[in-house]
Amino acid sequence: MEYNFKEIEPRRRSEWRKHDIYRVSVDPSRPKYYVLDMFPYPSGAGLHVGHPLGYIASDIYTRYKRLCGFNVLHPMGFDAFGLPAEQYAIQTGQHPATTTAQNVARYREQMDKIGFSYDWSRQIETCDPAYYKWTQWAFVKMFESWYDPEAGRARPIAELRALRPELTEEDLMGYRLAYRAETMVNWCEALGTVLANDEVVGGLSERGGHPVEQRRMMQWLLRVSAYAERLLGGLDGLEWSDSLKEIQRGWIGKSVGAQVFFNVAGGEEAACNDNGRGEAAGRENENGRGEIDGGEKLEVFTTRPDTIYGVTFMVIAPEHERALKLTTPAQKAEVERYIAATKKRSERERIADTKKVTGVFTGSYAVNPFSGTEIPIYISDYVLAGYGTGAIMAVPAHDSRDWAFAKHFDLPIVPVVEGGDVAEASYDAKSGQMINSDLINGLEVKDAIEKMFDQIERRGLGRRKVNYRLRDAIFSRQRYWGEPIPIYYKDGVATAVPLEKLPLELPAVSDFSPTRSGEPPLARVENWTYEGYPLETSTMPGFAGSSAYYIRYMDPANDTALVSREADDYWRSVDLYMGGIEHATGHLIYSRFWNKFLFDLGVVAEQEPYKKLVNQGMIQGRSNFVYRFDFSAKLIRPIIVKHGSEYLSKEENPDAVKEAEADYLFHAIKDAPSVFFSLEKYAGFKEGTITKRELYDAVMRIPFFADLTRDYNTDIEVDSITLTPLHVDISLVKNDVLDVDAFRAWRPEFAGAQFVTEENGKYVCGWAIEKMSKSMYNVVNPDMIVENYGADTLRMYEMFLGPLEQSKPWDTNGIDGVHKFLRRFWGLFWSDGGRGANGVPVSGSVQGGGVPVSDAFRVSDAEPTPEELKTLHKTIKKVREDIENFSLNTSVAAFMVCLNELGKCDKRAVLEPLTILLAPFAPHIADELWSLMGHATTIFDEKMPEYNPEYLVENSFDYPVSVNGKLRFKKTLPLGLTVAEIEAATLEDENAAKWLEGKAPKKMIVVPGKIVNIVI
RNA sequence: GCCCGGAUGGCGGAAUCGGUAGACGCGUUGGUCUCAAACACCAAUGGCCGCAAGGCUGUGUCGGUUCGAUCCCGACUCCGGGUACCA
């Protein structure tokens, strides 16, 4: 009987459904285990082969844990609010709810086909009002809480009100964990919304790659920074990869230093009295006039107080609130010009030329509190307003950025730590002896830092302070398709919608674009009010719905609480969280924050939501593209660069390119065959060879092209010629060559297009290995694999591809090997070896789960041989260890080895445990065979076999014998010999005599059970 | 720039308390079956020399420690990820 997966798999799945075998409930009599997958955003492209990688691994682990006796919670849901659905809605007018529901249905169907063991009765969708009620509830709770640093936890705002009755509503906003403030935000014009820091990558929006600029706007924020220390400390106890923890530590960015106040001094020439801007005038300070809240002092943050004697100037950020106040009339015009110019520069431009030094002198001076020297105050955008105090004490001798600034403005550079030559470069290292530093001369840097901390505090110049890079999360999005923020404005005062009125449902609209005045779509909704007062019109960001979803799975239908005490006490937190590393600085920070807040409220029992976390790698796709352009201008010359790092010009004139002037080439992708273009005006080059690396370097030197190498999939303009990259569906490309006719049928709008990269009359596609996405037309759909090979093969093949954590391109080479394994395994159970085609008739006899069985099915009750038992138990040991370590590729290999060693074996005592062992990986075939073996209940109610070490005992060992470290021969000896016996036996061997050539060995190393080494 | 990780056959990858490098699979070659092809099965397969026995060489490069190094140490090259004026 053949292995007919097309019949077996649907049958098994319908059995599972019928008996509802994946439903779980609280059961204190059994140990619990919680396995969670990061839930997907249901995109229109459907599931691709990359999605299931993590799902399969976690499913294997879930089934394994279940077979080991755990009550395993393994739920799934959908992160259903989001930008793509809304963008699609703007284009088509289709309501996001409609498309989202369609996509969810499609995802469900695809997931079911792979045979996951989710308890679908717990499915959640973030856009469901019954779900987002609790997202809104948590937000209101945050709004009504403040962080008490003394207690180290969140407390109700009412307590603060009682504690400090003098605080106004406005003051309280400065304490609330969810608060509204005017801040600099990442504004994305193309998307019409603000974005959180983790949604901006290199100055472009993560979604869509649109430019992002800095803007000052009134926004809702979450005071994540209040939890910085706890978020940092909590990492220590987690079973996460070190790299992931490092990323989070870096993102939190703790630095220990001191805040120091510098007096602002007026020189004689600081004629600030003239215009009344007295703050900058030191004279006033001396006279004791006009003291407003330390206004004459400039506060800085430093981690290097030891270098304070080396401070030769100060720099404040252009956005610093006192930038203009510190400016003397003489400098006013210049300063204003500089500030205006900085404002105009986008984040991206600032990143692009960080090397360029810019700045302007304010005209005023500060006084070094230790040396008493007067030092100039500058404004420059290398100082960030958002970090520390927005002002620094500059130590050019020991900070490379200050050094560059000092060089540019010809400011003095005074070394205070022995080490480098400060004329050449700054000496940034934190070691060496202090010099030119009065109090601390001769001390080591470390001691000097400590002493200065003390001195600063003793003299009242400032105090120790810890700073974090982690910023508060901007929580408003000027979009429609998200959770409404449950806030209304009662006479202008932000007030929370009462908890019992939640959910505040998202109203239905028909127009999803921003209003003409740039307001979010909800501003267009009539009666978007609460008790007559206007409601907030922005909605929550994507991370809101995913922050506490794992809690909701524990008790998804609860209408009176986020989670019941009972459910939370039992399920507690996620034992295994599986997902991509791309969430390291977004979701995984916010979710931990959210959870800690709920912990402070007493809603959840655990401080950390995800105990163990495994990052599965990304399965990438290969995307193909051609460039469409107009030849008529004759400005562009296509050049194909071959794998072997030579290049060839494909035009008539092969001398067209010169090695040294490969500058104006565009490197489309890193891996060959790459596509380059050269301008006619750079023709006259001589033919030659150039390495890809050299070409790449050359291209990178030109900023214009450097950008393109990142975003090759945007239009390229070269001397007013526009090249448009067209991504090509994978099915239209064979061996890098585009099937033009098929392409034209597929994209009729480009029927007449000309393409670059023509070779022998064929259009050669460039390609890149990247994330699978609909827009790249490189999505490989798992349905096809399931159709052709079955779900079990897909599952095992994805695991077999390589280490789980590693990213790898999708490649179906090798899938046959895995499929063959399953067929052979199936064959063990049939008298015809599973061939079927050879004509074994199928009779009508029925066994087990009502499956028609061929007479050829047979499992014998004979006693297994010691070899068979050894193979079985070796495999049990290996597979169990591998699953625990998530080394699933090697466990698949172990199954193959097992089968190779067993050869033909039809003994129940071997096949039954082996089938259970395989069940987590290939649930359909395993459960089918289980049923065929006469069991009425599912294999997943069985116990995982345990290995018996007795079967693995060896009594002899094939010793590798090396001479001077080189393996020369092997000698089989019984185990249990003493070292002396092994030595003697080895030396007796004729091979030993040959290598010794009559000499006595100098030394012998014997490691019993491992190796023998003879040293001559 | 800084921080972290990595580099093993034609390919994906095994093996790291320092002890037989290349498990398993793919691919390739040869064979069996077949009228033929496909499937399936059997065998070989790091490179070099050799009819063979066998030898030499081999885990990015150079050096070190060791009886013995893919593994430890030092220097370097390349690749990947994180972060980027964070004071």
Side-chain angles (χ1 to χ4, degrees), chain A residues 201-202 241-251 253-255 257-258 300-304 307 315 317 350-351 353-357 380-384 386-395 398-402 404-405 428 467-471 581-582 584-585 670 693 796-797 800-803 805-809 811-821 823-824 827 833-835 837-838 878 887 889-900 957-970 1001-1007 1009-1016:
Chain A
V201 180
S241 70
D242 289 337
S243 62
L244 180 52
K245 287 188 190 180
E246 264 323 301
I247 293 172
Q248 288 217 341
R249 287 196 188 103
W251 190 258
K254 177 178 184 173
S255 57
V300 301
F301 174 75
T302 180
T303 55
R304 292 292 302 274
T307 61
V315 188
R350 274 172 78 155
I351 289 168
D353 43 47
T354 49
K355 299 231 158 62
K356 211 156 116 194
V357 177
S380 173
D381 67 0
Y382 85 89
V383 174
L384 303 178
Y387 183 78
T389 62
I392 60 154
M393 54 177 235
V395 187
H398 304 292
D399 182 289
S400 54
R401 296 153 303 176
D402 297 344
F405 194 83
D428 296 13
N467 250 318
Y468 300 92
R469 209 185 71 107
L470 183 70
R471 311 289 164 84
I581 193 141
E582 66 273 18
T585 55
K670 282 191 194 157
R693 185 72 227 171
M796 288 193 89
Y797 181 60
F800 191 58
L801 275 174
E805 293 88 351
Q806 209 165 290
S807 288
K808 49 236 160 189
D811 177 4
T812 48
N813 291 342
I815 198 164
D816 286 325
V818 172
H819 189 64
K820 209 188 292 179
F821 160 77
R823 273 210 317 260
R824 286 174 57 208
R835 292 193 195 197
N838 289 1
K878 172 82 177 142
S887 178
N889 53 331
T890 53
S891 49
V892 175
F895 281 117
M896 292 171 168
V897 172
C898 176
L899 206 56
N900 290 345
F957 182 74
D958 215 9
Y959 276 96
V961 181
S962 27
V963 177
N964 287 339
K966 282 187 182 178
L967 178 71
R968 291 306 179 187
F969 62 96
K970 290 193 183 168
K1002 256 191 209 146
K1003 194 176 172 186
M1004 275 191 80
I1005 287 106
V1006 176
V1007 184
K1010 288 258 165 143
I1011 199 168
V1012 177
N1013 191 11
I1014 304 170
V1015 186
I1016 302 173

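Throughout, protein chains are lettered first and strands after them, A, B, ... in sequence-line order, and every chain is numbered starting at 1.
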Exercise. Start at the 5' end of RNA chain B and walk down; is the nucleotide closest to A/G817 or to A/E246 reached first?
Worked result: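 Nearest-nucleotide comparison on RNA chain B picks A/E246.
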Exercise. Taking for each residue the nucleotide of RNA chain B bearing the nearest heavy atom, is the 5' side occupied by A/S243 or by A/K966?
Worked result: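 Result: A/S243.
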Over how many whole Å does the gap from [X] atom [atom1] to [N] atom [atom2] extend?
X       : N     : atom1 : atom2 : value
A/K808  : B/G25 : NZ    : P     : 19 Å
A/N813  : B/G10 : CG    : C1'   : 12 Å
A/D402  : B/C85 : CG    : P     : 15 Å
A/M1004 : B/G68 : CE    : P     : 15 Å

Exercise. Is atom CG of A/D958 surrounded by more than 12 heavy atoms (other residues, nucleotides or ligands) closer than 6.0 Å?
Worked result: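 Atom CG in A/D958 is packed in, count exceeds 12.
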Using a 4.0 Å heavy-atom cut-off, does [X] contact any base of the nucleic acid, only the sugar-phosphate backbone, or nothing at all?
X       : value
A/N1013 : base
A/S255  : sugar-phosphate
A/N900  : sugar-phosphate
A/K970  : base
A/I392  : base
A/K1002 : nothing
A/N889  : sugar-phosphate
A/R471  : base

Nearest to the side chain of [X] - [options]?
X       : options             : result
A/I1005 : B/C24, B/A87, B/G19 : B/G19
A/K820  : B/C26, B/C24, B/C85 : B/C26
A/K1010 : B/C3, B/G19, B/C24  : B/G19
A/R823  : B/U83, B/A87, B/C39 : B/C39

With [atom1] as the reference atom in both, quote the distance from [N] to [M] in angstrom, rounded to an integer.
N     : M     : atom1 : answer
B/U61 : B/C78 : P     : 15 Å
B/C2  : B/G55 : P     : 49 Å
B/G22 : B/U16 : C1'   : 14 Å

Partner nucleotide of [N] by Watson-Crick or wobble geometry (both distances under 3.5 Å):
N     : result
B/A52 : none
B/G5  : B/C79
B/G74 : B/C62
B/G19 : B/C67
B/C11 : B/G25
B/C39 : none
B/U34 : none

Exercise. Would you call B/G9 syn or anti, using the 90° rule around 0?
Worked result: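 Here the answer is syn: the torsion falls within 90° of 0.
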Problem set entry | Side-chain (A/T812) to main-chain (A/I815) donor-acceptor, under 3.5 angstrom |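 No; zero donor-acceptor contacts below 3.5 Å.
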Problem set entry | Mutual orientation of the aromatic rings belonging to A/F895 and A/F821 [parallel < 30°, tilted 30-60°, perpendicular > 60°] |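 Geometry flag for A/F821 against A/F895: tilted rings.
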